[in-house]
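To start, the structure under review is shown below, and the notes come after it.
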Amino acid sequence: MHGKILRYSISTGLGVVTNASKKIFELRKESWHDTRFLPVVGMFVEFRCDNNGYSITSAKASYYQEFPPESIIKEIDFWKSNTDEELKQKEQDIRNQIAQKIFKETNYFTLKSIELNSSIQDCLKTYFVQEFNTIKFVINENNTNDPSTINYLYIKRFLIKAMDYLVFTDRNITMDNFAGDLQTLNSLEYSYKNFTKQINLNIKKIYTESFLDMQYNYKGVLRAILGTKEKILQLSNKVKNCIYETKQIKIKLENKKNDEKTLNTRLTSIRNMIAKCEEETKILNKALENLTKLAEGFKEEYFKVFENVFKKFHEILVNKTKEAMDICASNLDDKIWKLGMGSTAIKNMFFKHDINNPYCAMTFLGQYLRLLDKTKLSENERVVYNYYFNYKQTFERRFLIFTTNQKLEMSLKIQIMSISKHYTVIIIKKDSEFYTNINQQKFELGYIDPYIDADIKQLIDDARKSKYNENTKFSIVSKEQIAALKD
């Protein structure tokens, strides 16, 4: 049965689906049998239900999710059909009708060339329609020039960990907050895995299914070839029958017991018929030769072009899918960061462990890498470590906080790291730590507690003389701001 998801919660794994009759069916996550897509509101689905007719036993995303104006299949056709197979057959029948109309309107005896009905590019866009639609949605909706986009393949494990920890720690946040991002990411990852696994593709099969089947003029020529061969066979059988009848007439003439005039008249008629058949066969053979040559030439000519275009398309799709996957992962990471930095539960649980980096996937990756023995890294671990190090070096901006006040420390670092997930803080509690850090790294801004036991003016003057922080601004926190701090 065909339907549409009206409600679904990833957190509870429960939802409802409606069909063409507006009947409601219960959808549970155990009944979802689709590795490519996750169930989301608004998705068109194909499903089966139990004997009671209310609970869905098996469901998956329908192949048909969009119905643009130029589409052969319309949304009304979706609701009038029960399965995708039925809908695909309807689509094929419509294509056959188009080909039949072209066949009837074409004079194949005078045909000089076969015109394209659909370009190779359009055929490939149709073949990769699901991949293109997902990529197009991500690329169009986002800034693709952001250099700080994370590498999903490297960060995936830690992105999921950050999301799971957030949902587990803060009861006000559920997996439904991330449903749309997870759906898109799941679809992109499925496509990417398929692309990278498809090493030995059957290009000829893809060429036939995605290109030749869309060429109505070419299919019309194939039908004309078949029809011409049938006519030639009919004429050949007719000639054989005529030859047999000629032999029978000659036997009768030799016996001289029959009406010779009638037999000779019939014999002349048969000979004329044979001559006519042979002449017609000659014309048909010439037409058949021409049509066969046109069909084979068309097939061979466009296969070479198709093969080259397909390889380029495939390469572009792999790269664009990877790009879209990274963008989607970055969006999900941004959402996790914003929710995490605004969460009281995360503040009380996560940041109480002297963590001075924003709540995001990169922080979880950093924690993992710090536990590894750098002399015994595997090849994959070394690649990820280098990626992490280069990413942090490129995008990380450091802020200094000099205080021994726990409330002030927490308040400032949450405030700073809530501005950007690339902002990190260095907590200083002693003069010696201050001088060590300002002489080793650059800070965007420094915050100094007025109650520290040190000469603040001297600290700032010394910082101005350092190699990295001569232009760094330092802000002395007001006593009123400290007094207003709450737990």
Exercise for the section: Evaluate whether atom NZ of Lys219 has more than 12 neighbouring non-hydrogen atoms of other residues, nucleotides or ligands under 6.0 angstrom away. Expected result: yes

Handout entry: Note, Trp32 side chain near Val45 side chain (heavy atom, < 4.5 Å)
Key = yes

Problem - Any side-chain heavy-atom pair of Lys286 and Asn290 under 4.5 Å - result: no

Practice task
Classify the side-chain pair Ser9/Asp176 by whether it contains a donor and acceptor separated by less than 3.5 Å.
Solution key: yes

Handout entry: Presence of salt bridge, Glu85 and Lys88, under 4.0 angstrom
Key = no

Practice task
Can you run down the ring pair (Phe, Tyr, Trp, His ring centres under 6.0 Å) pairs that involve residues 86-105, sequence neighbours left out, and say none if there aren't any?
Solution key: Phe103-Tyr108

Practice task
Answer with yes or no whether the side chains of Tyr127 and Glu209 bring together a donor and an acceptor at under 3.5 Å.
Solution key: no

Exercise for the section: Check the pair Glu105, Lys101 against salt bridge (charged side-chain N to carboxylate O under 4.0 Å, His left out), reporting the backbone distance first and the verdict last. Expected result: CA-CA 6 Å; Glu105 295 173 352; Lys101 183 174 183 296; 2.8 Å; yes

Exercise for the section: State, with a plain yes or no, whether a side-chain heavy atom of Lys299 is found less than 4.5 Å away from one of Leu212. Expected result: yes

Exercise for the section: Answer yes when Glu245 and Arg266 have at least one side-chain N-carboxylate O distance shorter than 4.0 Å, and no when they do not. Expected result: yes

Fill in the blank from the handout: Residue set satisfying side chain to side chain donor-acceptor pair (under 3.5 Å) with His422, at least two apart, ordered chain then number -> none

Handout entry: Glu26 bridged to Arg28 by N-O distance under 4.0 Å
Key = yes

Exercise for the section: Examine distances only and state if a side-chain atom of Asn19 and a backbone atom of Gly3 form a donor-acceptor pair shorter than 3.5 Å. Expected result: no

Problem - NZ or CZ of Arg171 within 45° of Phe168 ring axis and under 6.0 Å - result: yes

Exercise for the section: May I ask you to decide if Leu182's main-chain N or O and Asn186's side chain share a donor-acceptor pair within less than 3.5 Å? Expected result: no

Practice task
Quick one: sort the Tyr391 and Tyr387 rings into parallel, tilted or perpendicular, breaks at 30° and 60°.
Solution key: tilted

Problem - Sole candidate of Ile150, Leu185, Ile327 that passes side-chain contact (heavy atoms from CB on, under 4.5 Å) when paired with Leu332 - result: Leu185

Problem - Side-chain donor/acceptor of Thr281 to backbone N/O of Cys277, under 3.5 Å - result: yes

Handout entry: Enclosure of Lys374 NZ (heavy-atom neighbours >12, cutoff 6.0 Å)
Key = yes

Handout entry: Side-chain touch Phe67/Ile73, heavy atoms, less than 4.5 angstrom
Key = yes

Problem - Residues, nucleotides or ligands: over 12 heavy atoms within 6.0 Å of Glu86 CD - result: yes

Exercise for the section: Please determine if Glu91 and Arg95 form a salt bridge, counting it only when a charged side-chain N lies under 4.0 Å from a carboxylate O. Expected result: yes

Practice task
Would you mind reporting whether Lys322 and Leu153 have side-chain heavy atoms less than 4.5 Å apart?
Solution key: yes

Problem - Any side-chain heavy-atom pair of Asn357 and Lys392 under 4.5 Å - result: yes

Practice task
Would you verify whether the NZ or CZ of Lys311 falls within 45 degrees of the ring axis of Phe306 while also being under 6.0 Å from that six-membered ring's centre?
Solution key: no

Exercise for the section: Report yes or no: do Asn96 and Gln92 form a side-chain donor-acceptor pair below 3.5 Å? Expected result: yes

Problem - Under-4.0 Å salt bridge between Lys156 and Glu189 - result: yes

Practice task
Would you check if there is a donor-acceptor pair between the side chains of Ser330 and Asp333 at a distance under 3.5 Å?
Solution key: no

Handout entry: Side-chain donor/acceptor of Trp79 to backbone N/O of Ser21, under 3.5 Å
Key = no

Exercise for the section: Answer yes or no: is there a side-chain heavy-atom contact under 4.5 Å between Phe128 and Glu131? Expected result: yes

Problem - Minimum heavy-atom distance Leu222-Ala295, with the two atoms named - result: CD2-CB, 4.2 Å

Exercise for the section: Please check if any side-chain donor atom of Arg36 sits under 3.5 Å from a side-chain acceptor atom of Ser191, or the reverse. Expected result: yes

Practice task
Using atom types as modelled and distance alone, determine if a side-chain donor or acceptor of Gln65 lies under 3.5 Å from a backbone N or O of Phe44.
Solution key: yes

Exercise for the section: Using a cut-off of 6.0 Å, state whether more than 12 heavy atoms not belonging to Lys204 lie near its atom NZ. Expected result: no

Exercise for the section: Write out all pairs satisfying ring pair (Phe, Tyr, Trp, His ring centres under 6.0 Å) with one or both partners inside residues 359-384, taking only residues at least two apart or from two chains. Expected result: Phe158-Tyr368, Phe350-Tyr359, Phe350-Phe364, Tyr359-Phe364

Handout entry: For Asp84, the option from Gln89, Lys60, His2 that meets side-chain hydrogen bond (donor to acceptor under 3.5 Å, both in side chains)
Key = His2

Exercise for the section: Using distance alone, with no hydrogens and no angle criterion, decide if Thr375 and Asp373 have a side-chain donor and acceptor under 3.5 Å apart. Expected result: yes

Problem - Whether Phe389 and Tyr385 hold their rings parallel, tilted or perpendicular, with breakpoints at 30° and 60° - result: parallel

